[in-house]
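Okay, structure first, notes after.
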Amino acid sequence: MITLGINAAFHDSAAALVIDGTLVAAAEEERFTRIKHGKRPVPFSAWELPFNAIDYCLSEAGLSLAHVDHVAYSYDPAEFIADRLDDGRAWLPMALDPPPSEQWESPWDPLFACYMQHVPRQLVDGAPHHLRRRFSGVTHQGPFRFHHVGHHLCHQASAFLAGPFDRCAVMTLDGRGERATTTYGSWTGREYRPLGRVEMPHSLGMLYERITSHLGFLHSSDEYKVMALAALGRPTRLESFLELIDLGPEGRYTIAGFDPAERFGPPRRRGEPLTQTHFDLAASLQQALERTVLRLARWLREASGERHLCMAGGVALNCVMNARLRDARVFERVWVQPAAGDAGTALGAALWIDHQMTDPERRDLQTRAPRTTDRQGVDAARRWTMTHAYWGPRFGDAQIEELLRWAKVRYRPLQDVAVETARLLAEDRIIGWFQGRMEFGPRALGGRSILASPLSPDMQARLNELKDREDFRPVAPAVPLEDFGDWFTSPAPDADGAPYMLFLFDVRPEQAARIPAVCHADRTARVQTVARAANPRYYDTLRAFQALTGVPVLVNTSFNVRGEPIVCTPRDALNAFFSTPLDALVIGRFLIEKRP
C-alpha cells in the first residue's frame, strides 16, 4: 500500500511517502524552492502545496501520483469549520479592512477553510508545468483515496508510530491546529487513546511566538533564537509569566490575554541592540515554559500510566525544555520526533492512514489505530521505527562530478574522504560537508552540514560571522556515540544515543577548555551522538579527527546562511560555498578548496 502524506496548512510544507508501513522518503518544500519554511502561515498562502517535495518523494520510489493508494493531508477542515456555517456557504470579505466576525477568529478564515476543503483539486490541477508529468493520470476523485486527518493527530502519530516504544504516553505542544494547541494521549501498540487537549486561544506555543515577536525576531520561525538568548539572562520576570498561565485539572490550562508592551516594556525592533532586559525576558519565558510543561507531564504520567513519553509539535524542538523534562525523570525515557514541527505532520498523516487502512474492521479514523495480524497469528501492529533522519534527496558521485565539470570548478577526488577532511579540520579550516541523503527536519545532522574544529575559542564567532548570524547563537558538537560519556555529563543518552540534537547536556568541567567552541554561556551543549551504522563517512571523519588531535568532537552547524534553508542539491552547495568565506567543500568524494 502506497500512502502520500502532505503538510501545507500553515508553514514548513512537506511531503512523506510511506509504503507498506515503512518510510521511503520525506522532505520539506523549502529545500527545493529556497524559501525559508516554504511559506508564511497566513490564510492567503494556504493553497500552496509542496509540489516539489511531493515530486521528490514519488521519484525516490519511481512512482507517479497515479500509483498512490492514499493521500493523507494533515489538517481537517471539518473540525475547523464545525458549526460555523449555517447553510454550507462561506462568505469572503471584499473590504480592505473587514469588521470582526462573530463566527470566525479572523475575517479571512472562510478563505482558509475553502482552501483546506479543496486540497484534492489543488493537488491534481496546481502542479507547476515542469512537474506535471508526475501528477498526470488522476482527478480529484482519484484513483487515490483522499483523507483529511486532524493536525494534532498527525503530530501525535508522527511520534508514537515512529518512536522506539511499544507503548507510551504522547504529548503534542505547538502553536495551534484546527482548534487544539496541546494534545495528550497514550499508545498501547495497537490503540491510540486520546486523554485530553487544550484549545485556542490558550497556547504555550503562541505565547512563545508573541514574545519572539516582542523581542524583534520573526514569529513561527525564530523561537529557537529566543531559547538560545535565554541562557544569557536571569528569570527576573518569571512571576509575570506565571501569573498569565492558570493550570487546571486534567492537563488543562488557560493563558490570560495581555499586551506585551504594557506588561514587559516597549518591543525591540529588528536589528536593534540586545540588552540585559531582553536576555532576562527570554530567560523568564523559557523558565515559565519549562515549569508549565513539567506539571503537564506529571499529570500525563499519572493519567496514562505509561513509563515512556513521545513528543511532537513545534514546542518540542525546544531542547532546553526537553532536557529539563528528561532530567526530572517524570518518564523513564523521552523520545522527540526529529521533525517535530509542522513538517513532521506529513509523516504522521501518512503513517496514521497506512496504519488505519490495514485494519480489516476499518475502525474510527480519529480515535483508534488498526490491529493487524500476520499469518502466524502474531500481532503486526507496526513495521517500522525511525532510527535516523536521512530521508531526503541523494546525489551520486557521477552526478556531482558532472556538475563540477559543467561549472568549470577546480576540484580533486579524495582517496580517503574522512582522513583528508579531518586533516583540513585539524588545520582550523571551515568545511562545507555535502554527503548522502539530506536530513528531514530542521537540524543538519551530517548530511548537509558545516564542520569545524571545536578546539579554538574563536570558532563560534567565526561561524556566526560566516553564516551572518547573531553573536549569541551557539554551535553544536558531534561526538561518536561510544565517546559521549568522556566529554559530556550524565544523564547519559539512551542506548540509541542523542542523534537528533534535541536535548542539552552539560560539558564535563575537565573537558570544557578543550572544546571551547561548543560550550554555550551556561556550559551546556546541544549534542549530536553519531553511530557508524547511521552515517559511516561522518563517523569516520570524527575518528580521523580524533587520531590527529586527541579530540573526537567536531562542530556541526547547518549548511546555510541566515534567511536561507539548508542546502539540498550540489548546485545549492556550490552557491553557498562561493558566496561565503568557507575554506573548503567536501561534496561526495570530491574536494574544492579556495586559495588563501
Side-chain angles (χ1 to χ4, degrees), residues 159 163-165 168-169 171-174 204-205 208 223-235 238 282-298 300-301 307-341 389 441-443 445 472-479 481 484-509 511-512 515 518-530 553 556-557:
F165 310 128
C168 60
M171 179 163 60
T172 289
L173 301 154
D174 73 349
L204 290 170
Y208 215 98
E223 285 73 21
Y224 64 98
K225 297 181 182 180
V226 176
M227 179 188 71
L229 201 67
L232 305 177
R234 303 178 304 272
L238 175 60
S284 302
L285 171 67
Q286 180 66 31
Q287 283 278 323
L289 174 68
E290 292 170 20
R291 288 195 184 191
T292 302
V293 172
L294 273 177
R295 291 185 61 180
L296 299 178
R298 289 189 179 105
L300 179 57
R301 174 70 171 86
R307 298 181 298 116
H308 301 144
L309 173 67
C310 281
M311 294 178 63
V315 178
L317 291 171
N318 190 305
C319 59
V320 182
M321 178 196 77
N322 295 343
R324 185 164 180 186
L325 181 56
R326 172 204 63 202
D327 295 347
R329 304 298 293 174
V330 176
F331 290 89
E332 293 180 16
R333 292 178 63 189
V334 179
W335 187 84
V336 180
Q337 164 57 238
R443 310 285 192 234
L445 301 169
F472 65 85
R473 299 270 298 278
V475 290
V479 63
L481 175 59
F484 171 89
D486 295 333
W487 295 85
F488 306 96
T489 62
S490 58
D494 298 326
D496 296 331
Y500 306 122
M501 287 188 181
L502 290 169
F503 294 90
L504 282 189
F505 297 92
D506 293 327
V507 180
R508 284 196 173 278
Q511 301 287 27
I515 51 172
V518 296
C519 295
H520 199 19
D522 56 0
R523 291 300 183 194
T524 61
R526 190 183 67 194
V527 180
Q528 178 197 7
T529 59
V530 182
V553 178
N556 171 22
T557 187

| query | How many angstroms lie between atom CG of Leu289 and atom CZ of Arg324, to the nearest 0.5 angstrom? | reply | 10.0 Å
| task | Could you tell me which non-hydrogen atom of Cys519 sits nearest to which non-hydrogen atom of Ala512, and how far apart they are? | result | SG-O, 3.9 Å
| query | Of the non-hydrogen atoms in His520 and Pro474, which two are nearest, and what is the gap between them? | reply | ND1-CB, 3.6 Å
| If every non-hydrogen atom of Pro442 is compared with every non-hydrogen atom of Pro338, which pair is closest and at what distance? | CD-O, 3.5 Å
| Could you go step by step and tell me if Phe488 and Ile515 meet the side chain to side chain contact (heavy atoms under 4.5 Å, CB included) rule? | CA-CA 11 Å; Phe488 306 96; Ile515 51 172; 4.2 Å; yes
| message | Return the CH2 to CZ distance between Trp487 and Arg508, rounded to the nearest 0.5 Å. | response | 11.0 Å
| Does Arg526 make a cation-pi contact with Phe505, if we ask for NZ or CZ under 6.0 Å from the ring centre and within 45° of the axis? | no
| field | Leu229 side chain near Phe472 side chain, heavy-atom distance below 4.5 Å | value | yes
| message | Please determine whether side chain to side chain contact (heavy atoms under 4.5 Å, CB included) holds for the pair Val293 and Leu173, giving the CA-CA distance in whole Å, both sets of side-chain angles, and the decisive distance to 0.1 Å. | response | CA-CA 9 Å; Val293 172; Leu173 301 154; 4.0 Å; yes
| said: In the structure I gave you, are the side-chain heavy atoms of Val320 and Phe503 within less than 4.5 Å of one another anywhere? | reply: no
| message | So, taking the atom named CZ in Arg291 and the one named CG in Leu296, what distance separates them when rounded to the nearest 0.5 Å? | response | 14.0 Å
| Could you go step by step and tell me if Arg443 and Gln528 meet the side chain to side chain contact (heavy atoms under 4.5 Å, CB included) rule? | CA-CA 10 Å; Arg443 310 285 192 234; Gln528 178 197 7; over 6 Å; no
| Check: Glu332 main-chain N/O paired with Arg329 side-chain donor or acceptor under 3.5 Å | yes
| query | Met321 pairs by side-chain contact (heavy atoms from CB on, under 4.5 Å) with which of Met311, Met227, Gln287? | reply | Met311
| For Pro477, does its backbone N or O pair with a side-chain atom of Asn556 as donor and acceptor, under 3.5 Å? | no
| query | Which atom pair, heavy atoms only, marks the closest approach of Leu309 to Leu325? | reply | CD2-CD2, 3.7 Å
| said: Return the CG to CG distance between Asp174 and Leu204, rounded to the nearest 0.5 Å. | reply: 10.5 Å
| field | Residue pair Val527 / Met501, side-chain heavy-atom distance below 4.5 Å | value | no
| Pair Thr529-Val479, side chain to side chain contact (heavy atoms under 4.5 Å, CB included): steps then yes or no | CA-CA 5 Å; Thr529 59; Val479 63; 4.3 Å; yes
| Side chains of Tyr500 and Gln337: do they bring a donor and an acceptor to under 3.5 Å? | no
| field | Donor-acceptor contact present, side-chain Arg301 to main-chain Val330, <3.5 Å | value | yes
| Non-hydrogen atoms of Glu223 and Tyr208 that approach each other most closely | O-CE2, 3.6 Å
| Distance, nearest 0.5 Å, that separates CG of Leu502 from SG of Cys319 | 7.5 Å
| field | Test item: Arg326 side-chain N/O and Trp335 main-chain N/O as donor-acceptor pair under 3.5 Å | value | no
| field | Arg333 CZ: over 12 foreign heavy atoms closer than 6.0 Å | value | yes
| request: Quick one: pull up CG in Leu285 and CG in Leu238 and give me the separation to the nearest 0.5 Å. | output: 10.0 Å
| Closest non-hydrogen atom pair between Ala328 and Leu294, with its separation | CB-CD2, 3.5 Å
| query | So, does Asn322 use its side chain to make a donor-acceptor pair with the main chain of Leu317 at under 3.5 Å? | reply | no
| Donor + acceptor pair across side chains of Glu290, Asn318 (<3.5 Å) | no
